[in-house]
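Taking it in order: structure first as C-alpha cells, then the write-up.
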Amino acid sequence: MCGIVGVVGLRDATPLLFGALRRLEYRGYDSAGIATLVNGHIERRRAEGKLDNLGIVLERFALPGVTGIGHTRWATHGAPTEGNAHPHGTERVSVVHNGIIENHAELRAELEQAGQNFTTETDTETVAQMVDLHLKQGMTPSQAAHACLKRLHGAYALAMIFAGHPELMIGARHGAPLAVGFGEDEMFLGSDSLALAPLTRRIAYLRDGDWAVLSRHGAEFFDLDGTPAPFEIKTSALPGGAIGKDGYRHYMEKELHEHPLVIGQTLQRMIDPATRRVVLPELPFDLATIPRITMTACGSAFYAGLIGRSWLESEARIPVDADVASELRYREPPLARGGLGLLISQSGETADTLAALRSLREAGQHVLSVLNVAESTMARESDIVLDTIAGPEICVASTKAFTAQLSVLACLAIATGRARGTIDEAREEILVQALLDLPGRAAELFGLAPMIQQAAQIVAEARDVLYLGRGSHFPVALEGALKLKEISYIHAEAYAAGEMKHGPIALIDRNVPIVASAPSGRLFDKTASNLQEAQARGGRLLVFTDPDGAARMERIAECTIVLPETHAFAAPILHSIAVQMLAYEVALLKGTDVDQPRNLAKSVTVE
Ligand code: G6P
C-alpha cells in the first residue's frame, strides 16, 4: 500500500504535493516521487527510501508546474529502488497507484506484443502503458483512462496527468481509498482526507469502482460504465496543522505519553459521568438478542479484539469467534443471520479488515466497527461506529490507538452484559470505576521507566524472547511480542503460559529472556508455576505484575516490574502499555528507526 496525491490548480504544485506526501508517509516509505507538467511536458523526480531523500533531490533539481501527482511507496511488485519508484509513465501519461493490479502479467504481455516498451518491474506500469497505447490510438485522455480501467483486476487508487493537458487530472478507485478535494480554483486527489487537510476541508470520497475527471474548476464523477455517478461533498474535521513531536524523541514516545489522555477521552464518550453507567450510541440492533459475535481485525487491533473477546465472553456471556481478517475473509465460516460482525481498525482502511467487513455483511451480520478515523472507508460501510478518540497516530507501531480500542471494547462488553442481564448495577459500577481509574493509573506507569529500562538491557542483548500470559493477558503477551519485533527487530514469540510446556520450553536457556504479564488474581498461581518451570531451566524472568503478585515473583524473577494496583478487568490495559514501553526502551538501545521501522507501513491497503 502506498499514498497518492494530486493537484491541478494555479499554485506551484511541488510544495503542496510534498507536504501532502509527508502526511501520507505512514502508508509506506520505500521510495517517493513527484511528476508535474512543465510547459505541457511531464517531468518527474524520484528517490529511493524516505521522503527526505526526495526532498534532497528536489532541492538540487527544482520541479516547477501547477499540475502534478505524488507518491510514497510500500513495495509490492518490484524492489524498492528509484527505478521502481512512482510516478510511472511515458512521455504522454504519468501515473501513481496504490494497490495491486492482479492481472498485470497478462496485460503486460498483451501490451508488449502491441509494441509498448516497459522500463520497470511494477504492476503499475501496465496502467501507464495501456493508457499510453490508447492515447497513441487517438483516444482522448478520458477515453483512454476509461478503456484502461475496464481491463484492470485487483485493487487500485490511481491518479494520472497527461502531457499537453495542463488543466486535467484523472482519479479512479477500486478497493483502495481515494478522496477528491475541492479548493478555490484548485482541485486535489489524495489517499485520505488527512493528506488534504491543510489544502482543503471539502472532500468527496469516490465510490468503489468510480472514477473522476478533474480540472481546477471542479470534477465530474463516473461509474465504470461511463455513466455520471453521484457524489457528496463533506467537510472534513481533521486538523490541518502539522503534527509535531512536542519535544519527545519519537512520535512513539509522545504517543505512549498520550495514553492517559486518550483513555480518558475515549471513556468520556461512553460513560455518563452523572450515573457512571455505560451509554452507547443508539444501535441499529439489539445487543440482548444477538446470538453470537464474529470479531476480526489485523495486527495490534486483532490483539485488542482478543482482549475484548475475553471481556465479552466472561462479562456478557456471549460467544465470540475471533480470527485475523486475512483468514476470516476466506474461511467462509457458517454464520447464522442476525449475528454481529465486530471489526477493529485504527485506520479504517486495512484491506483485509475491509474485505472481511464486506463478507460479514454478505453473510447477514450486523456490522459494528471500532475505528480511529471517522472519515474512513470502513466507517462509511459500517452499520454503527464506536469511535476511539486517540487522535492521529503517526508512529507506525500502534500504541495509544490500541488502548483506546480496549477502552471502547470494555464499554461494549459492559453494555452487552447489561443488555443480556449478566451484569447488574452493582457489577457495572465496579467495572466502570475500574475503567475510570485507568487514566490515573496509566500516568503512574511512567514512573516505572527505570525498572523497564533495566529489563530492556536484558532484552536488547537477546536474539529471541518469549512472552507469556494467561487469559486476557495472553493477548497482552501477543501485543508485547509484536511490538518488540516491529521496532527492535528482535525475534519474539508469545505463548499462552500453559502451552509453554508443549514445545517452547525446549528453547529456554540463559539466552532467551521470558517476559511475562502476570497480575495477581484467579490465574496468577497457574502462571507463576509456569514461570517457575522456566526459571528451573535457567530462564531469565522479567515479570510485569502488581503489588500482590510481586512478593511471589521477586523470589524467581530477575526483574519484577510492579504496576499500580488495579481491578482485574482493567489490568490488561495497563499491562499493554507497560509491554509497549518495554519495546520502546529496547528499540532505543538498539538504535532502530522507531517511528518508521523497516518494511512496515501503518495502513496496509493491499491483501
Ligand atoms: C499494520 C500496522 C499495525 C496495525 C495493523 C492494523 O500492520 O503496522 O500497527 O495494527 O496494520 O491496522 P489498522 O489500521 O486496521 O488498525
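The first residue in the sequence is number 1, and the count goes up from there. Whatever order the structure lists them in is the order used to number ligands and atoms, beginning at 1. All values below were derived from every heavy atom in this structure, side-chain atoms included, with hydrogens, water molecules and symmetry-related copies excluded.
- In terms of protein heavy-atom proximity, atom 6 (C) of ligand 1 is nearest to C298 O, 3.3 Å.
- If you run side chain to side chain contact (heavy atoms under 4.5 Å, CB included) between I514 and each of L542, V465, L466, only L466 comes through.
- Counted within 6.0 Å of CZ on R361, heavy atoms from surrounding residues, nucleotides or ligands total more than 12; the atom is thus considered enclosed.
- Proximity to V396 (heavy-atom distance under 4.0 Å) selects the following atoms of ligand 1: 8 (O), 9 (O).
- Annotation: atom 8 (O) of ligand 1 to nearest protein heavy atom, A601 O, 3.2 Å.
- By the 4.5 Å heavy-atom criterion applied to side chains, F569 and I414 are counted as neighbours.
- For atom 16 (O) of ligand 1, the nearest protein heavy atom (residue, atom name, distance) is Q346 N, 2.7 Å.
- What sits closest to atom 2 (C) of ligand 1 on the protein, heavy atoms only, is K602 O, 3.5 Å.
- Applying the 4.0 Å criterion to heavy atoms of S347 picks out, from ligand 1, the atoms 13 (P), 14 (O), 15 (O).
- With ligand atoms numbered from 1 in the order given, ligand 1 contributes 9 (O) to contacts under 4.0 Å with heavy atoms of S398.
- Aromatic ring pairs are classed by plane angle as parallel below 30°, tilted from 30° to 60° and perpendicular above 60°; the pair H71 and H86 is parallel.
- Ring geometry for F446 versus H257: interplanar angle under 30°, hence parallel rather than tilted (30 to 60°).
- The nearest pair of heavy atoms linking L267 to L435 is CD1-O, 3.3 Å.
- Ligand 1 has no nitrogen or oxygen under 3.5 angstrom from a nitrogen or oxygen of I344.
- Nearest heavy-atom pair, K245 versus R249, reported as atom, atom and distance to 0.1 Å: CD-O, 3.8 Å.
- An N or O contact shorter than 3.5 Å links T350 to ligand 1 by distance.
- The ligand atoms of ligand 1 that sit less than 4.0 angstrom from a heavy atom of A301 are 10 (O), 16 (O).
- In this structure, D323 does not pair ionically with R329, as no charged nitrogen and carboxylate oxygen lie closer than 4.0 Å.
- In terms of polar-atom proximity, defined here as any N/O pair under 3.5 Å, S345 does make such a contact with ligand 1.
- Nearest protein heavy-atom neighbour of atom 7 (O) of ligand 1: V604 CG2, 4.0 Å.
- If you check the side chains of E393 and Q346, you find no donor sitting under 3.5 Å from an acceptor.
- Within ligand 1, the atoms closer than 4.0 Å to a non-hydrogen atom of S300 are 10 (O), numbered from 1 in the order shown.
- Heavy atoms of E349 found under 4.0 angstrom from ligand 1: none, in either backbone or side chain.
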